[in-house]
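All residue numbers in this chain count up from 1 along the given sequence.
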Amino acid sequence: MARLAQTAGLTDVQQEILSTVRDFVDKEIIPVATELEHRDEYPQQIVDGLRELGLFGLMIPEEYGGLGESLLTYALCVEEIARGWMSVSGIINTHFIVAYMLKQHGTQEQRDHFLPRMAAGDIRGAFSMSEPGLGSDVSAITSKAVKDGEDYVLNGQKMWLTNGGTSSLVAVLVRSDEGHSPAETAAAPHRSMTTFLVEKEPGFGEVRPGLTIPGKIDKMGYKGVDTTELIMDDLRVPADRVLGGVTGRGFYQMMDGVEVGRVNVAARGCGVAQRAFELGVRYAQQRHTFGKPIAQHQAIQFKLAEMATKVEAAHAMMVNAARKKDSGERNDLEAGMAKYLASEYCKEVVEDAFRIHGGYGFSKEYEIERLYREAPMLLIGEGTAEIQKMIIGRRLLEEYRFQG
């Protein structure tokens, strides 16, 4: 029987890339993931292997040294990697959001300067929108940039920065009221935001004058990858490091990148759900009760059927969202639906696999325990379920506007 979550219509090149990534996941990630996760250890050897495979340049155009592949190829690779260990997929996700934003919105000088080194993995990207007090309300950003000669001076505190320590380039969204009156800013706060490309040294502490990465945030799951704060204290950034060279466009640039990120989170949900199903269906055939494998009990078969159906449905929606973006069309509706459904189904499939394991699912010796702690992050990352439903609802009302 064919494995779950197959994708029709892939080219030979896409199939070869996915086969290579799956082999890498099976041999290099799954055998060590739980041990590294329990130690909260950055998977340097795995990241080096991904770099050798060229995955840091997967979506970067060939003219900059990348592979020039589609968002669909990238999402399917993320699905495979998350199946092995979700934290590893997070390491490349933020990198690709920044690379995508540079490709779509950067000046030619910015693309020439950053993209070749990002494709090679010499520069690792991270992006930063959130702040301690705003949650999903991006319009409430208080971090600010003020023009001072040929530079901008940035001040503020950012939160939940994935790859905060290991990255060397951070796309930071701040408020820049340059050219806007207070009344205009109050009426349309999104129009007074700018994305800055901030270069820094990897590590923690003061990583460049005026920029501090305090340390790793201790998390319930999603370990290994470093999640940090970012503190700017009179950080000077040259004007030529405004993404696209023009202030006031940052919110729209970030939202474009987040659409890519939401497809990525959907792909991660698909990958984690697939792994949970694999663990559940295998354990159900090994564990015996009342004289037979529990897989032969109707209650367990029903559970496996529901799990597999959810894996298939989430995968199909994720593929649709990626293909819509690749076509050049707006995909916020499809990306929102995919992210919402995949993250919710992932949580449910993981919990069902956990239940199939019974008491052993509570033991750190079993892989399902790790997945049970990782799945909740997907309910929050790149926008909560409530945010996705707001996006979906508004877009549906645009498409089905009643004329009467």
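No side-chain donor-acceptor contact under 3.5 Å links T73 to the backbone of E69. For Q285 (side chain) and V281 (main-chain N/O), a donor-acceptor pair under 3.5 Å exists by modelled atom type. Of the possible polar contacts, none joining the S19 side chain to the Q15 backbone as a donor-acceptor pair under 3.5 Å is found. Looking at K364, its side chain never comes within 3.5 Å of a backbone N or O of R370 through a donor-acceptor pair. In this structure a side-chain-to-backbone donor-acceptor pair under 3.5 Å is present from D326 to L71. A donor-acceptor pair is defined here as one N or O able to donate and one able to accept, closer than 3.5 Å; such a pair exists between the side chain of H95 and the backbone of M118. N155 places no side-chain N or O within 3.5 Å of a backbone atom of K144 that could act as its donor or acceptor partner. The closest donor-acceptor contact from the side chain of T384 to the backbone of I380 lies at 3.5 Å or more, if one exists at all. Under a 3.5 Å cut-off, the side chain of K103 and the backbone N or O of R111 do not form any donor-acceptor pair.
Inter-residue side-chain proximity for N264 and V260 is flagged as unmet; no heavy-atom pair is nearer than 4.5 Å. With a 4.5 Å cut-off on side-chain heavy atoms, I356 and I294 count as touching. Side-chain contact between F24 and L53: present, with at least one pair of heavy atoms (C-beta onward) separated by less than 4.5 Å. Using a 4.5 Å heavy-atom cutoff, the side chains of M337 and Q388 are not in contact. Using a 4.5 Å cut-off on side-chain heavy atoms (C-beta onward), C270 and V311 make no contact. Between P214 and I231 there is a side-chain heavy-atom pair separated by less than 4.5 Å. By the 4.5 Å heavy-atom criterion applied to side chains, P202 and T166 are not counted as neighbours.
At a threshold of 4.0 Å, the pair K216-E229 does not count as salt-bridged, since none of the basic side-chain nitrogens sits closer than that to a carboxylate oxygen. Looking at E334 and K324, a side-chain N of the basic residue comes within less than 4.0 Å of a carboxylate O on the acidic one, giving a salt bridge. The pair R262-E382 does not count as a salt bridge, with every side-chain nitrogen at least 4.0 angstrom from each carboxylate oxygen. Ionic pairing of D122 and R51 is present here: one or more N-O contacts between side-chain nitrogen and carboxylate oxygen are shorter than 4.0 angstrom. The pair K219-D40 does not meet the salt-bridge criterion, since no charged nitrogen lies less than 4.0 angstrom from a carboxylate oxygen. Under the 4.0 Å criterion applied to side-chain N and carboxylate O atoms, E306 and K310 are not assigned as salt-bridge partners. Electrostatic pairing of K223 and D218 counts as a salt bridge here, judged by a charged N lying under 4.0 Å from a carboxylate O. Ion pairing between a basic and an acidic side chain is recognised when a charged N comes within 4.0 Å of a carboxylate O; E35 and R39 show such pairing. The existence of a salt bridge linking E80 and R3 is confirmed by a sub-4.0 Å separation between a basic side-chain nitrogen and an acidic carboxylate oxygen.
Heavy-atom neighbours of Q108 CD from other residues, nucleotides or ligands within 6.0 Å: above the threshold of 12. The number of heavy atoms from other shown groups lying within 6.0 Å of CD (E365) does not exceed 12. Within a 6.0 Å radius of CD in Q301, more than 12 heavy atoms belonging to other residues, nucleotides or ligands are found. In K27, the NZ atom is not crowded: 12 or fewer heavy atoms of neighbouring residues, nucleotides or ligands sit closer than 6.0 Å.
Side-chain atoms of H105 and D256 include a donor-acceptor pair closer than 3.5 Å. Of the N and O atoms on the side chains of E329 and S327, at least one donor lies less than 3.5 Å from an acceptor on the other residue. Side-chain atoms of D226 and T228 include no donor-acceptor pair closer than 3.5 Å. In this structure, a donor-acceptor pair under 3.5 Å is present between the side chains of T7 and H315. Inspection of the T142 and E131 side chains reveals an N or O donor paired with an N or O acceptor under 3.5 Å. Side-chain polar atoms of T247 and T194 form no donor-acceptor pair below 3.5 angstrom. For the 3.5 Å distance criterion, the side chains of T212 and E206 fail to qualify, holding no donor opposite an acceptor. No donor-acceptor contact under 3.5 angstrom links the side chains of R241 and Q110, judged on distance only. Side chains of T289 and H297: a donor on one and an acceptor on the other come within 3.5 Å.
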Is there a side chain to side chain contact (heavy atoms under 4.5 Å, CB included) between M86 and L378? Walk through the geometry before answering.
CA-CA 10 Å; M86 190 181 75; L378 298 172; 3.6 Å; yes
Between N331 and V263, does a side chain to side chain contact (heavy atoms under 4.5 Å, CB included) hold up when you go through it step by step?
CA-CA 10 Å; N331 86 326; V263 173; 3.9 Å; yes
Might you work through the salt bridge (charged side-chain N to carboxylate O under 4.0 Å, His left out) test for R394 and E398, ending with a clear yes or no?
CA-CA 6 Å; R394 288 171 181 170; E398 289 177 16; over 6 Å; no
Might you work through the salt bridge (charged side-chain N to carboxylate O under 4.0 Å, His left out) test for E351 and R355, ending with a clear yes or no?
CA-CA 6 Å; E351 182 172 346; R355 289 172 182 268; 2.9 Å; yes
Apply side chain to side chain contact (heavy atoms under 4.5 Å, CB included) to V198 and R208, showing your working.
CA-CA 10 Å; V198 178; R208 66 175 279 182; 3.8 Å; yes
Start with the C-alpha distance between K325 and E259, add both sets of side-chain angles, then the distance that settles salt bridge (charged side-chain N to carboxylate O under 4.0 Å, His left out), and finish with yes or no.
CA-CA 9 Å; K325 188 77 170 178; E259 285 183 12; 2.9 Å; yes
For V32 and Q45, run side chain to side chain contact (heavy atoms under 4.5 Å, CB included): C-alpha distance rounded to whole Å, both residues' side-chain angles, the deciding distance at 0.1 Å, then the answer.
CA-CA 11 Å; V32 300; Q45 188 171 343; over 6 Å; no
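Closest heavy-atom contact between L102 and L197: CD2-CD1, 3.7 Å.
By the 30° and 60° cut-offs, the orientation of the rings of Y366 relative to Y360 is tilted. Using a 30° and 60° split on the angle between ring planes, F96 and Y74 fall in the tilted class, from 30° to 60°.
Within the structure, salt bridge (charged side-chain N to carboxylate O under 4.0 Å, His left out) pairs that include any residue of residues 270-280 comprise R83-E278, R275-E278, R275-E367 (at least two apart or interchain).
Exactly one residue among L76, I91, I92, N93 makes a side-chain contact (heavy atoms from CB on, under 4.5 Å) with I81. That residue is I92. Evaluated for a side-chain contact (heavy atoms from CB on, under 4.5 Å) with S143, the options R175, K158, M193, Q157 yield exactly one hit, K158. Partner of L211 under the side-chain contact (heavy atoms from CB on, under 4.5 Å) criterion, chosen from E201, E199, M232: M232.
A cation-pi arrangement is present between R124 and F56 under the rule of less than 6.0 angstrom and at most 45 degrees off the ring axis.
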